[in-house]
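Below: one structure, written as structure tokens.
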Amino acid sequence: MQDPKSHPGDELRSGHTVKAFHGTTLERAMNILRVGFRKSLGVCGVGAYFDIGDSRSAVKRAIEKSGDALLARILEVELHPGNCIDLQAPEVVAELKRWQKDYRQQHGEAVYRSLEFSLQKELYLSQIHPDADVAMLIDTSQNHIVGMRNTQHIRILQIRAITSEEREQYDHSRIVS
């Protein structure tokens, strides 16, 4: 049982299995069941991306990807973290800054600036932490993003449709924003 004061990010950092959510379309969900998660380049480098804590962001992504809430799906999964890198941990931030400085010196400022943010993270992780199974980032809106670099550490619990409550919350958030 998770301590009510703890946060799923704390659980993941300490190596505990956490429940996470992935929003997608019905078609893609069926493909994930057949062949597994496909990795893509994102804010935590290359990985399969999940939200921890709650499913609100996954619901939003699923509806936006599908274009229709009836075709949207949420995959509820367990993440078994293995070696987890917290991209906002002070020591990692300092290490990343050193890597950025070294990269600029070796390749030039123009080359460094041509790299998009996600690619910078991927180069850093692949060069400095090649054994990382997970990279995590908690953004300013408190959206808890986890990039599973090693997709063998993911277990699908269920694939479900968007509930009417979730659809109402999504519709309300669009009106308020």
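In this chain, numbering begins with 1 at the start of the sequence shown. Excluded from the calculations below are hydrogen atoms, water molecules and symmetry mates; all remaining heavy atoms, backbone and side chain alike, are included.
- In R56, the CZ atom is not crowded: 12 or fewer heavy atoms of neighbouring residues, nucleotides or ligands sit closer than 6.0 Å.
- Considering all non-hydrogen atoms of both residues, R73 and A29 come closest at CB-CB, 4.2 Å.
- Ring geometry for H22 against F50 counts as tilted: the plane angle lies between 30° and 60°, on a 0 to 90° scale.
- Taking a 6.0 Å sphere around CD of E165, one finds it holds 12 or fewer heavy atoms contributed by other residues, nucleotides or ligands.
- At most 12 heavy atoms of other shown residues, nucleotides or ligands fall within 6.0 angstrom of atom CD in Q152.
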- prompt: Which is it for D86 and V92 under the side-chain contact (heavy atoms from CB on, under 4.5 Å) test, yes or no, and what are the steps along the way?
  reply: CA-CA 7 Å; D86 180 350; V92 174; 5.6 Å; no
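- Residues I162 and Y170 are not in side-chain contact: their nearest non-hydrogen atoms beyond the backbone lie 4.5 Å or more apart.
- Transitive grouping of hydrophobic side chains (ILVMFWY, heavy atoms separated by less than 4.5 Å) brings I128 and V43 into a common cluster.
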field: From CA spacing to verdict: side-chain contact (heavy atoms from CB on, under 4.5 Å), E166, I63
entry: CA-CA 10 Å; E166 288 171 326; I63 292 172; over 6 Å; no
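- Side chain of K65 to backbone of G23: a donor-acceptor contact under 3.5 angstrom is found.
- When the side chains of ILVMFWY residues are joined at heavy-atom separations under 4.5 Å, either directly or via intervening members, I32 and L71 end up in two distinct hydrophobic clusters.
- Contact detail for I74 and A62: the closest heavy-atom pair is CD1-CB, 4.1 Å.
- Closest non-hydrogen pair, T151 versus A48, comes out as CG2-CB, 4.0 Å.
- Under the 4.5 Å side-chain heavy-atom criterion for ILVMFWY residues, a single connected hydrophobic cluster contains both I145 and L41.
- The distance from the CD1 atom of I85 to the CD atom of E91 is 9.0 Å, given to the nearest 0.5 Å.
- The line from NZ of K19 to CD1 of I52 is 13.5 Å long, rounded to the nearest 0.5 Å.
- We find that R149 and E122 are joined by a salt bridge, their nearest charged nitrogen and carboxylate oxygen being less than 4.0 Å apart.
- The shortest non-hydrogen separation linking A135 to L87 is CB-CD1, 4.2 Å.
- A distance of 12.0 Å separates CG of D133 from NE2 of H80, quoted to the nearest 0.5 Å.
- Here the CZ-OG distance, from R61 to S55, works out to 11.0 Å after rounding to the nearest 0.5 Å.
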message: Run the side chain to side chain donor-acceptor pair (under 3.5 Å) test on Q100 and Y124 for me, step by step, so that the C-alpha distance in whole Å, both residues' side-chain angles and the decisive distance to 0.1 Å come before the verdict.
response: CA-CA 8 Å; Q100 289 169 325; Y124 160 74; over 6 Å; no
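- Summarising the local packing, CD of Q127 is surrounded by more than 12 heavy atoms from other residues, nucleotides or ligands at distances under 6.0 Å.
- Taking each heavy atom of A69 and R167 in turn, the nearest pair found is CB-CD, 3.5 Å.
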message: Determine whether V59 and F21 satisfy the following criterion, side-chain contact (heavy atoms from CB on, under 4.5 Å), listing intermediate values before the conclusion.
response: CA-CA 9 Å; V59 166; F21 306 93; over 6 Å; no
- prompt: L79 and V146: side-chain contact (heavy atoms from CB on, under 4.5 Å), yes or no, with the steps?
  reply: CA-CA 9 Å; L79 304 179; V146 176; 3.9 Å; yes
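- To the nearest 0.5 Å, the span separating OG1 on T24 from CG on L75 amounts to 7.0 Å.
- The line from OH of Y49 to OG of S40 is 6.5 Å long, rounded to the nearest 0.5 Å.
- In the hydrophobic clustering of ILVMFWY residues, with side-chain heavy atoms under 4.5 Å counting as a link, L96 and F117 come out together.
- The hydrophobic clustering, which links ILVMFWY residues whose side-chain heavy atoms are closer than 4.5 Å, places V93 and L125 apart.
- Side-chain atoms of Q120 come within 3.5 Å of backbone N or O of L115 as a donor-acceptor pair.
- Shown here for P130 and S126, the closest heavy-atom pair between the two residues is CB-O, 3.5 Å.
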